[in-house]
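Both counts, for ligands and for their atoms, begin at 1 and track the order of listing.
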Amino acid sequence: MQVLVIGSGGREHALVWALKKSPQVDHVYCAPGNAGIAADAECVDISVGELEKLADFAEQKKIDLTVVGPENPLCAGIADVFRSRGLAVFGPSKEAAQLEGSKDFAKQFMLKYGIPTARGAAFTDAANAKEYVKKEFADGANGIVVKADGLAAGKGVLVAESLQDALDFIDGCFEGSFGTAGAKVVIEEKLDGEEASILALTDGKTIVPLVSSQDHKRIFDLDKGPNTGGMGAYSPAPVVTPKAAVRIQQEILLPFLRGIQQEKLDFRGVIFVGLMIDHGKPKVLEFNVRFGDPEIQPVLRRFDGDWFDVVNHVAHGDLANAKLVWSGEPAVSVVIAAGGYPGKYAKGDEITGLAEAEADGAKVFHAGSALRDGKIVTAGGRVLGVSARGKTIPEAIANAYRAVEKIHFNNMQFRKDIGQKALREHEDI
Ligand code: AMP
Ligand code: GLY
């Protein structure tokens, strides 16, 4: 089988790595890929936005399955372009991708199908949005969440503790801080609890959750500092207790499946549900229509089956016959970022110690790396995801950090507390 993965981050490296292990897979291409992916796949110099060119390539190379990593090409309709040419693809249609591409679309969908979420409202002008926020604070809210409606690369959400911050953010949205993504905003109540991510495969007929995981969104230890794309993740997430998992299936995933069926959305891919769990009760913060990054890294480290077989079944609408095989061993992935990220950061610094880091069974997924004069150099904010398994969560943490210590580049930064949250006790209520 010939497989094409679209994207260039740590998520795509993890997907390539898992697909390559399948005995059915002869060759993996990745467009555009990065320096680390190039060791596991043949990189193709086509960017994720060139939908027709990607489909031309898939036709020429007789690609049997294309797996789309990021949300932008999905929201631009890549799955429709491929399917209209008879090419098998893992990823939802453009219409279904609005579940991530528009927070308002997602909110309406959740309300219609009874999926628990934060109370909220959508606005297309600043004055009404501000009035709503003022009223919420006057009524005693201890915070409010303002979200730009469209795709904003993870930057379009403010959890505001003060009225002024919320008002300023609303102004920013309507003044174009996020381009057209901010022409509409969704404002919702601030939820308390602990966050977790559930990634579930669906082909529109069946929905199957992958093992649970949890990201660390803030840049600094103890969840301090600004939000990032994600600084590390572990799986499983103990906050998803057995009882919470049942509630997630009953109250969120099954209504979700009913919703996509009734709305006739062509969804053959993964739904990534961002959850807030408060005393065992899950509520949806957001939907994404792609694998979480870095969440998918520890999740795939725990997958012991044939990943190609699974995603191929999804793409062909036959998920019911796919076999998911999980290891009981936990896994942890620690992101190493460039100094300054998520603000300004340097590129082009040489990375050393990669082979040493992998000597002990860890796997280094590359997110922002490039090859220059035969050397691997930094090329993005999040540079690497260092992942390892262990018999227990503390052992997986220790294994990942032992590998991290072997790696060096100028001004590298990483959190020292990835996985610590998983050591807390969680009541199964
Ligand atoms: P989103 O892109 O909607 O997931 O929002 C990004 C982050 O903002 C989430 O991961 C949460 O940390 C936070 N967030 C979003 N919505 C809420 C909410 N209603 N209450 C509290 N925090 C939220
Ligand atoms: N780690 C969060 C995301 O992929 O959106």
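- A salt bridge (Lys or Arg N to Asp or Glu O under 4.0 Å) with Asp223 is found for exactly one of Arg415, Lys217, Arg218, namely Arg415.
- The heavy atom nearest to atom 13 (C) of ligand 1, out of those in Asp192, Val159, Leu158, is found in Val159.
- Close contacts between ligand 1 and Leu191 involve ligand atoms 18 (C), 19 (N), 20 (N), 21 (C) [criterion: under 4.0 Å to a heavy atom].
- With distances taken over non-hydrogen atoms, the option nearest atom 10 (O) of ligand 1 out of Glu195, Arg218, Glu286, Arg119 is Glu195.
- Using a 4.0 Å cut-off to heavy atoms of Lys147, the atoms of ligand 1 that qualify are 3 (O), 15 (C), 16 (N).
- The two residues Gly225 and Phe220 have their closest heavy-atom pair at CA-CD1, 3.8 Å.
- Atoms of ligand 1 lying under 4.0 Å from at least one heavy atom of Met276, given by number and element, are 21 (C), 22 (N).
- Residue Val145 touches ligand 1 through its side chain alone, judged by heavy-atom distances below 4.0 Å.
- With ligand atoms numbered from 1 in the order given, ligand 1 contributes 16 (N), 17 (C), 18 (C), 19 (N) to contacts under 4.0 Å with heavy atoms of Glu188.
- Atoms of ligand 1 lying under 4.0 Å from any heavy atom of Ala118, numbered from 1 in the order shown and given with element: 19 (N).
- In plain terms, the two heavy atoms of Asp104 and Ala122 that are nearest each other are OD1-CB, 3.4 Å.
- Checked against a 3.5 angstrom limit, the closest N/O atoms of Lys217 and ligand 1 fall inside it.
- The nearest pair of heavy atoms linking Ile418 to Met231 is CD1-O, 3.5 Å.
- A salt bridge links Glu188 and Lys107; the closest N-O separation between the charged side-chain nitrogens and carboxylate oxygens is under 4.0 Å.
- For Leu285, heavy-atom contacts with ligand 1 shorter than 4.0 Å involve the backbone as well as the side chain.
- Taking distance alone, with nitrogen or oxygen atoms compared against 3.5 Å, Glu189 approaches ligand 1 more closely than that limit.
- The list of ring pair (Phe, Tyr, Trp, His ring centres under 6.0 Å) pairs with a residue in residues 120-150, not counting sequence neighbours, reads Phe123-Tyr132.
- Within 4.0 Å of ligand 2, heavy atoms belong to protein residues Asp215, Gly229, Phe272, Arg290, Gly292, Asp293, Pro294, Glu295.
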Salt bridge (Lys or Arg N to Asp or Glu O under 4.0 Å) between Lys147 and Glu286, intermediate numbers included
CA-CA 10 Å; Lys147 303 182 174 187; Glu286 66 166 344; over 6 Å; no
